[in-house]
Asker: 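Quick one: the structure is below, questions incoming.
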Amino acid sequence: MTGFGSVAQFLARLILGIIFIAHGWQKLVTQGMDATKVAFGPAGMDVPYPDLAAYYATWVELVGGILLILGLLLPIVATLLIADMIGAIVFVHWDAGFWNTDSGYEWPLALIAGLLAVGFTSAGRAAADSYLLRRRRRRTEVV
């Protein structure tokens with residue numbers, strides 16, 4: 001991928017990364033993990049295994065957002081974040097319907113679309129994966 005495609009890919013990863021970092025940071029620091037676990041629990045969103053789900057969502061969003069920006073392990077990161085968003089849709093947003101203004105699943109669905117676009121296509125030159133894969137290809141060609 002060259003030219004604007006590589007820049008567009010980086011900008012998409014940067015925007016998605018910032019969004020996920022902000023949400024992970026919110027859970028970890030702004031609200032705190034104790035409040036996040038309560039929000040995920042029976043008194044809040046009633047997510048199954050609320051403590052585990054709270055830790056998963058917090059860390060996959062925070063670390064995953066950083067890795068998206070770096071362009072590192074993109075298919076794995078995208079898969080983990082898509083699982084996070086599917087959980088949000090199923091356990092939090094589905095009953096509210098489609099529209100984001102009604103707390104529906106429109107927003108997490110849009111994030112899934114973005115993750116599919118950056119996680120399972122060519123990463124572009126501004127991604128660590130591009131350099132790692134290039135190095136791996138060179139090694140296998142030499143052997």
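Hydrogens, waters and symmetry mates are skipped; everything else that's a heavy atom, side chains included, is used.
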Asker: Does any non-hydrogen side-chain atom of Trp59 lie less than 4.5 Å from one of Leu28?
Answerer: yes
Asker: Heavy atoms, side chains only, cut-off 4.5 Å: are Lys37 and Tyr55 in contact?
Answerer: yes
Asker: Hey, could you give me the CD1/CG distance between Ile86 and Leu81, rounded to the nearest 0.5 Å?
Answerer: 11.0 Å
Asker: Please work out which of the three classes, parallel, tilted or perpendicular, describes the rings of Tyr105 and Trp94, given edges at 30° and 60°.
Answerer: parallel
Asker: Should Phe40 and Leu52 count as side-chain neighbours, where that means a heavy-atom distance under 4.5 Å?
Answerer: no
Asker: Hey, could you give me the CD1/CG distance between Ile89 and Asp95, rounded to the nearest 0.5 Å?
Answerer: 12.5 Å
Asker: In terms of hydrophobic clustering (I, L, V, M, F, W, Y; side-chain heavy atoms under 4.5 Å; direct or indirect links), are Val118 and Ile19 co-clustered?
Answerer: yes
Asker: Quickly, which of Trp25, Tyr56, Phe20 forms a side-chain contact (heavy atoms from CB on, under 4.5 Å) with Glu61? Name it, please.
Answerer: Phe20
Asker: Under 6.0 Å from the OH atom of Tyr49, do we count more than 12 heavy atoms belonging to anything else shown?
Answerer: no
Asker: Please report the interatomic distance OG1(Thr79) to CG(Leu116), rounded to the nearest 0.5 Å.
Answerer: 9.0 Å
Asker: Could you grab the distance from atom CG of Asp84 to atom CG of Leu80, nearest 0.5 Å is fine?
Answerer: 9.0 Å
Asker: Going by heavy atoms in the side chains, are Pro108 and Val92 under 4.5 Å from each other?
Answerer: no
Asker: Against Ile66, only a single residue in Val63, Ile69, Leu70 fulfils side-chain contact (heavy atoms from CB on, under 4.5 Å); can you say which?
Answerer: Leu70
Asker: With rounding to the nearest 0.5 Å, note down the distance linking CG in Leu111 to CD in Glu106.
Answerer: 10.5 Å
Asker: I want to check something: taking the side chain as every heavy atom from C-beta on, are His93 and Met45 in contact at a cut-off of under 4.5 Å?
Answerer: no
Asker: For residues Thr121 and Gln9, is any side-chain donor paired with an opposing acceptor at under 3.5 Å?
Answerer: yes
Asker: Determine whether Leu109 and Met85 satisfy the following criterion, side-chain contact (heavy atoms from CB on, under 4.5 Å), listing intermediate values before the conclusion.
Answerer: CA-CA 7 Å; Leu109 193 63; Met85 291 299 95; over 6 Å; no
Asker: Within a strict 4.5 Å, meaning less than it, do heavy atoms of the Leu68 and Leu115 side chains meet?
Answerer: yes
